[in-house]
Amino acid sequence: MEVYKVESGGLGIKSKIKEKQMIIDGIQDFSLAQTLECGQCFRWEAQDSFSYIGVVGHRVAKLTWEPEGEQGSLRIQQMAHESSPDDEAFWRYYLDLDRDYGKIKRKFCRGNQAMKEVIRVGQGIHVLHQDPWEALISFIISQNNHIPRIKASIQGLCQLAGTPLGEAFGSPWYAFPEPRQMASLTREDLSPIRLGYRDEYILRAAKKVEEDGIDRLLECGQKSPEEALQYLCSFHGVGKKVAHCTMLYGLGHRSSFPLDVWMKRVMHQMYHIEEQDEGAMEEMAARQYGVDCGIAQQYLFYHITQSKKK
DNA sequence: GGCCAGGGGATTA
DNA sequence: TAATCCCATGGC
């Protein structure tokens, strides 16, 4: 059995790989459940409160969180034949484990008492690095929709058009459909998934990405937020909200601050900004939270949606 | 049966 | 640039 250790990130996180599973330990400021259930992603299934199974790219994995006091370790069990040498780096990046969230949270709370309570509720949230194409389509589907239905629609889409990844943990798994796979579908093909009027949006998006080239979308991660926003909004069915979600969760733009009905509600509560005044909310976000305001958005969103559940 | 769900497009004025 | 309506769908 091969065991090796890797150190990186400067946060004292170490990891070792045993057979087909990997353990990353010494992780702080992280909650697997909060990160996977704060509404930013739609393809993870809870097994229990410490364990989730899902698909990222062509990787099928079971993630298990093992708390140890203030810290914890993450066990990653991946489908055997999908292992590759860069798995470790892949999961670190996907889960954003090498960012100092403690420092970011302290910055958000400086001179902002209300934010301390907001962050206390979702203190383990990390903003993921998801696939940009999957994020774009997922958030088009999310419009005027509920999270359980969004998940069901995406699962249906993957089963319909995604590459089969084989069986693992007792079920068959599918990759998220590539633009090419989705572009060949018709509205009739999609009708069993019940996307409603959103089916046309995702088909047109697939065709546009086929025409423009996927790199045109991926390059938005390196471009300015203004340029990325402009390109994303050129997709039919993509407005500012969906564009900002794609930028934040898929393209790594941590300064994106998506404003939905919940965020408008919480920004009104905290800063007394009128709910239709998006410009004032964006200015306030930039001033209060700076370049990482997208991360602040996630704490705020989690807090307001959790508080309404009770 | 009306209202809402992490919106966006098209049409008005 | 706002405001309004419509776009399907399902849960409550």
Side-chain angles (χ1 to χ4, degrees), chain A residues 34-44 118 121-122 125-128 130 132 134-157 160 185-208 228-251 253-254 256-270 273-283 285 293-310:
Chain A
Q34 288 174 2
T35 297
L36 300 182
E37 297 199 38
C38 66
Q40 62 177 322
C41 57
F42 306 100
R43 293 202 70 197
W44 289 98
V118 167
V121 178
I125 294 174
H126 278 202
V127 176
L128 300 170
Q130 300 181 61
E134 179 173 338
L136 174 63
I137 298 303
S138 297
F139 284 95
I140 289 175
I141 292 172
S142 82
Q143 64 181 260
N144 225 351
N145 212 340
H146 311 256
I147 289 176
R149 285 198 62 232
I150 299 166
K151 286 186 169 179
S153 293
I154 291 172
Q155 190 183 4
L157 192 57
L160 182 72
L185 300 174
T186 63
R187 297 185 77 170
E188 289 68 38
D189 294 330
L190 289 174
S191 63
I193 299 174
R194 307 270 173 213
L195 293 168
Y197 59 90
R198 308 167 193 88
D199 59 3
E200 188 198 344
Y201 296 166
I202 71 168
L203 292 179
R204 287 180 65 169
K207 288 178 180 128
K208 180 171 164 63
L229 184 69
Q230 187 179 19
Y231 179 64
L232 290 167
C233 288
S234 73
F235 284 76
H236 188 82
V238 176
K240 275 185 77 177
K241 195 275 178 180
V242 169
H244 276 296
C245 286
T246 306
M247 289 167 65
L248 178 59
Y249 306 122
L251 292 163
H253 280 281
R254 295 309 194 234
S256 272
F257 197 77
L259 288 169
D260 62 7
V261 290
W262 290 101
M263 284 303 298
K264 289 175 184 174
R265 219 169 281 169
V266 74
M267 290 299 280
H268 177 71
Q269 282 178 18
M270 281 186 80
I273 301 171
E274 291 305 316
E275 298 206 2
Q276 65 271 22
D277 197 348
E278 294 186 13
M281 294 186 184
E282 287 169 357
E283 278 178 37
C293 63
I295 296 173
Q297 182 270 353
Q298 207 57 40
Y299 295 127
L300 290 162
F301 178 79
Y302 189 75
H303 175 260
I304 187 78
T305 53
Q306 289 296 111
S307 68
K308 292 285 173 182
K309 280 183 183 172
K310 291 159 191 156

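If you're wondering where the values come from, they're calculated on a predicted model, not measured in any experiment. First the proteins, then the strands, lettered A, B, ... as listed; each starts at 1.
What separates CG of A:Leu300 from C1' of B:dG6 is a distance of 14 Å, to the nearest Å. Look at NZ on A:Lys151: it is 18 Å from P on B:dA5, rounded to the nearest Å. When rounded to the nearest whole Å, the span between CD of A:Gln298 and P of B:dG6 equals 13 Å. One interatomic measurement links the two molecules: CD of A:Glu278 to P of C:dT1, which rounds to 14 Å at whole-angstrom precision. Spacing between atom CZ of A:Arg194 and atom P of C:dG10 amounts to 5 Å, rounded to whole angstrom units. Rounded to whole Å, atom C1' of B:dA5 lies 11 Å from atom NZ of A:Lys241. The CD atom of A:Glu274 sits 20 Å away from the P atom of C:dT1 (whole-angstrom rounding). Distance CD1 (A:Ile140) to C1' (B:dG7): 11 Å, rounded to an integer number of Å.
In this structure, A:Gln297 reaches the bases: a heavy-atom distance under 4.0 Å links it to at least one base atom across the strands shown. Across all strands shown, A:Cys38 has heavy atoms under 4.0 Å from base atoms, whether or not it also approaches the sugar-phosphate. Within 4.0 Å of A:Tyr249, counting heavy atoms only, lies at least one base atom of the nucleic acid. Within 4.0 Å (heavy atoms only), A:Pro258 reaches at least one base atom of the nucleic acid. When heavy atoms are screened at a 4.0 angstrom cut-off, A:Phe139 is found touching no nucleic acid atom at all.
For the P atoms, the distance linking C:dA8 with B:dT11 amounts to 15 Å, nearest Å. With both ends at atom P, the span from B:dG2 to C:dC6 equals 14 Å, rounded to whole Å. C:dC7 and B:dC4: their C1' atoms are spaced 15 Å apart (whole Å). One P atom belongs to C:dT1, the other to B:dG6, and the distance between them is 30 Å to the nearest Å.
Note on A:Arg149: every side-chain N or O is 4.0 Å or more away from OP1 and OP2 of B:dA5.
Minimum atom distance to the side chain of A:Gln143 is reached by B:dG7, of the listed B:dG9, B:dG6, B:dG7.
Closest-nucleotide positions on DNA chain B for A:Met263 and A:Phe235 were compared, and the one nearer the 5' end corresponds to A:Met263. Toward the 5′ end of DNA chain B lies the nearest nucleotide of A:Leu259, the other residue of the pair A:Gly237 and A:Leu259 mapping further downstream.
Judged by atom type and distance alone, A:Tyr197 reaches the base of B:dG7 through a side-chain donor-acceptor pair under 3.5 Å. Taking 3.5 Å as the limit, the base of B:dG6 and the side chain of A:His146 contain no donor-acceptor pair of atoms between them.
Centroid-to-centroid, the aromatic rings of A:Phe257 and A:His244 stay 6.0 Å apart or farther.
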ask   = So A:Ser142 and A:Asn145, side-chain hydrogen bond (donor to acceptor under 3.5 Å, both in side chains) or not? Walk me through it.
value = CA-CA 5 Å; A:Ser142 82; A:Asn145 212 340; over 6 Å; no
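In this structure a side-chain-to-backbone donor-acceptor pair under 3.5 Å is present from A:Gln298 to A:Cys38. For the pair A:Thr35 (side chain) and A:His126 (backbone), a donor-acceptor distance under 3.5 Å is present.
At a threshold of 4.5 Å between non-hydrogen side-chain atoms, the residues A:Gln297 and A:Ser256 do not count as touching.
When the shell of 6.0 Å around CD of A:Gln230 is examined, it contains 12 or fewer heavy atoms from other residues, nucleotides or ligands.
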